[in-house]
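These notes are about the structure you will find just below.
We name chains A, B, ... by the order of the sequence lines, and we start the count at 1 in each one. Values in this document were obtained by computation on a predicted structure and should not be read as measured data.
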Amino acid sequence: MKIIIGVLALQGAYQKHVDSLTMLGVESRLIRKTSELEQCCALILPGGESTTMSLLLQENGLHEAIKQFANEYPVMGVCAGLIMMASEVDDERITPLALVQFKALRNFYGRQLHSFTADIKLNFDDDTYRAPFIRAPDIEELSGDIQTLASYNDKAVMIGQGKHIAMSFHPELTDDTRIHAYWINQF
Amino acid sequence: MNPSNRPYTNSNNDDFKVKVGLAEMLKGGAIMDVTNADQAKIAEDAGACAVMALERIPSDIRRDGGVARMSDPDMIQKIKDTVSIPVMAKCRIGHFAEAQIIQALEVDFIDESEVLTPADEANHIYKKDFKVPFVCGATNLGEALRRIAEGAAMIRTKGEAGSGNIIEAVRHMRALQDEMKRLTTLGKEQLMSVAKEHGAPYDLVCYVAEHGKLPVPNFSAGGIATPADAALVRQLGAQAVFVGSGIFKSDDPAARAVSIVKATTHYDDPAVLLEVSRGLQPGMKGLAMSEIPQEERLAARGW
């Protein structure tokens with residue numbers, strides 16, 4: 001079967017994910033309306049501004065369509081995309097998709113002045129990963145069946161549940177495709 | 001490609017990656033000029049991906065004359081306290097002390113902007129000295145590459161701020177795109193001559209010739225007043241839009257802000273553009289370029 005991965009393209013770093021998938025030789029589609037999901041067998045929710053994304057998701061039925069899609073197909077969420085995957089967010093302006101049972105805290109590490117890169121430990125690879133954190137959120141209150149896939153300073157920064165994964169850092173901003181490759185290999 | 005050949009996107013350059021990273025997160029969005037906390041709230045609720053805090057919007061700066069400076073830190077602070085999206089603020093061209101103050105205030109992005117009165121005729125700020133990322137205006141490729149060489153993490157074409165007239169934004173975006181396209185057709189032996197012609201660093205000229213794009217995100221500003229304007233510059237290659245006077249000089253800022261956000265996302269879908277263009281109150285009146293004397297044109301500031 002030919003794999004085509006959808007990348008939600010309402011706002012944010014969607015093109016960077018397309019570039020990462022292209023580096024892996026995987027085909028992708030930009031998703032702005034529900035009909036565009038039909039050809040896809042997985043979906044990436046990129047980083048961007050979660051207030052903007054939450055609002056635009058409510059507009060044309062995408063919110064419900066993605067919830068349905070996630071029942072059957074794998075979803076990967078990055079930063080704002082992680083916030084959208086959470087079951088709870090510390091900001092009432094966000095209506096999350098509740099794809100995975102955890103709580104997201106927005107802008108946990110502070111403003112842009114406190115954005116940083118760090119070597120993080122992956123539990124599926126021996127080598128560390130140089131991860132950019134941009135106004136990153138925090139992952140809290142993980143339900144029992146969630147697996148921590150990477151941590152930084154004893155905090156979970158990448159989690160998995162079934163075929164879904166979510167991370168607070170930005171693999172699409174690096175040339176290191178191990179994170180995307182790990183997810184795709186779980187399909 | 002050997003990473004050592006691309007200093008501006010070098011994966012070892014963590015600092016630059018984190019700066020450009022935030023610019024990447026703003027793509028596909030609308031960044032709105034706001035002058036107080038109430039306007040900032042309206043912008044955020046409408047789906048703006050960031051706000052630009054400034055004391056007077058460009059059309060009022062144009063009307064009032066005088067010297068336009070960095071905004072009052074307390075005003076910027078109030079806006080920071082009100083919204084959760086990134087907050088940007090402007091400093092004068094070359095005024096690195098204003099930029100230091102804005103950085104100390106922990107603003108997320110600094111705009112070294114031609115909308116304020118320039119502080120230095122010869123020099124722009126050396127932006128690599130700062131940890132907060134900078135956005136700078138450009139009217140053509142050479143100007144964009146000079147700003148990137150100084151450390152800008154985002155370029156916005158200038159347009160003509162406060163005019164409500166899209167013609168200059170289109171001119172600058174077309175100039176930039178045409179020049180980038182031309183570079184991709186040239187032989188390697190021609191690139192030094194191009195660097196001389198554009199007054200641009202040779203290594204950045206080589207980057208553009210190879211990739212057909214800038215090494216940092218490229219947004220559009222100056223004159224966007226309607227959803228159709230936002231869609232136009234997006235189709236011409238802008239990866240996001242700055243909207244200044246266009247929203248809060250219109251008769252229905254909240255509705256117009258939502259429409260411009262949707263038009264920026266669905267820029268190539270005429271059905272959505274039609275829907276969001278319906279039912280808006282009159283936009284800002286705007287100025288024909290013939291009404292703006294050459295010496296009052298903001299895009300000519302900086303080089």
Side-chain angles (χ1 to χ4, degrees), chain A residues 7-17 19 30 32-33 36 46-60 62 78-81 83 89-94 106-107 110-119 130-137 169-170 172-176, chain B residues 1 3 9-31 43-50 80 83-88 103-110 130-133 153 213 217 239-240 258 261-262 264-269 271-272 275-276:
Chain A
V7 181
L8 185 69
L10 296 176
Q11 191 271 321
Y14 48 83
Q15 187 57 42
K16 285 281 167 189
H17 285 282
D19 295 347
L30 295 181
R32 296 199 176 95
K33 49 189 178 192
E36 291 163 336
E49 280 309 312
S50 51
T51 47
T52 305
M53 259 183 246
S54 180
L55 187 127
L56 290 167
L57 274 172
Q58 300 291 336
E59 284 302 320
N60 53 4
L62 263 176
V78 171
C79 196
I83 294 170
V89 181
D90 66 337
D91 187 329
E92 60 189 20
R93 286 168 291 200
I94 313 286
R106 296 183 67 210
N107 300 336
R111 307 193 72 92
Q112 176 63 11
L113 197 57
H114 308 289
S115 291
F116 60 99
T117 49
D119 288 321
R130 190 76 182 155
F133 290 82
I134 313 282
R135 286 170 48 100
F169 60 92
H170 290 277
E172 80 284 7
L173 296 182
T174 75
D175 293 338
D176 188 338
Chain B
M1 180 179 181
T9 55
N10 189 335
S11 49
N12 294 322
N13 187 344
D14 286 346
D15 189 48
F16 193 65
K17 181 176 288 180
V18 164
K19 288 175 174 175
V20 175
L22 181 58
E24 293 287 347
M25 297 312 135
L26 301 173
K27 280 186 179 174
I31 300 154
E44 183 176 57
D45 288 347
C49 66
K80 275 177 58 200
V83 297
S84 62
I85 55 180
V87 175
M88 304 185 174
Q103 172 163 280
L105 190 57
E106 300 203 3
V107 158
D108 297 294
F109 234 104
I110 301 174
F130 290 78
K131 192 157 187 297
V132 167
K213 61 178 186 181
Q239 293 161 328
V258 172
V261 166
K262 290 182 189 164
T264 304
T265 291
H266 301 284
Y267 66 95
D268 58 356
D269 186 336
V272 176
E275 185 192 318
V276 301

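- For the side chain to side chain donor-acceptor pair (under 3.5 Å) test, residues two or more places apart in sequence or in another chain that qualify with B/D108 are A/R111, A/R135.
- For chain A, the nearby parts of B/V87 are the backbone and the side chain; heavy atoms of each come within less than 4.5 Å.
- Proximity to chain B is limited to the backbone of A/A9, based on heavy atoms less than 4.5 angstrom apart.
- Residue with the most contacts toward chain B among A/N107, A/L56, A/N60: A/L56 (heavy-atom pairs, distance under 4.5 Å).
- Look at B/K262 and B/E275 and you find no salt bridge, because none of the NZ, NE, NH1 or NH2 atoms lies under 4.0 Å from a carboxylate O.
- B/K19 touches chain A through its backbone: at least one of N, CA, C or O sits under 4.5 Å from a heavy atom, while the side chain does not.
- The residue among A/L55, A/I134, A/D91, A/T51 with the most heavy atom pairs within less than 4.5 Å of chain B is A/I134.
- The structure places OG of A/S54 at 12.0 Å from CD of A/Q11, a figure rounded to the nearest 0.5 Å.
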Candidate pair A/L8 and A/R32, rule side-chain contact (heavy atoms from CB on, under 4.5 Å), full reasoning = CA-CA 6 Å; A/L8 185 69; A/R32 296 199 176 95; over 6 Å; no

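- Applying the side chain to side chain donor-acceptor pair (under 3.5 Å) test to A/S50 and every residue at least two apart in sequence or in another chain returns A/R106.
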Before giving the answer on side-chain contact (heavy atoms from CB on, under 4.5 Å), spell out for A/H17 and A/V78 the whole-Å C-alpha distance, their side-chain angles and the decisive distance to 0.1 Å.
-> CA-CA 10 Å; A/H17 285 282; A/V78 171; 3.7 Å; yes

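- Heavy atoms closer than 4.5 Å to chain A are found nowhere in B/A50, neither backbone nor side chain.
- In this structure, no portion of A/Q15 lies under 4.5 Å from any heavy atom of chain B.
- At a 4.5 Å heavy-atom cutoff, the contact between A/F116 and chain B is made by backbone atoms alone.
- Residue A/R93 holds its CZ atom at 7.0 Å from CG of B/D45, rounded to the nearest 0.5 Å.
- Note that OG1 of A/T117 is 7.5 Å distant from NZ of B/K17, once rounded to the nearest 0.5 Å.
- For chain A, no part of B/A23 is nearby; none of its heavy atoms comes within less than 4.5 Å.
- Neither the backbone nor the side chain of B/Q239 has a heavy atom closer than 4.5 Å to any heavy atom of chain A.
- Atom OG1 of B/T264 and atom NZ of B/K27 lie 15.0 Å apart (nearest 0.5 Å).
- When B/P86, B/G47, B/G28, B/P133 are compared by the number of non-hydrogen pairs under 4.5 Å with chain A, B/P86 comes out ahead.
- Contact tally against chain A (heavy-atom pairs below 4.5 Å) for B/A48, B/S84, B/P217, B/G29: the top residue is B/S84.
- At a 4.5 Å heavy-atom cutoff, A/D176 makes no contact with chain B through either its backbone or its side chain.
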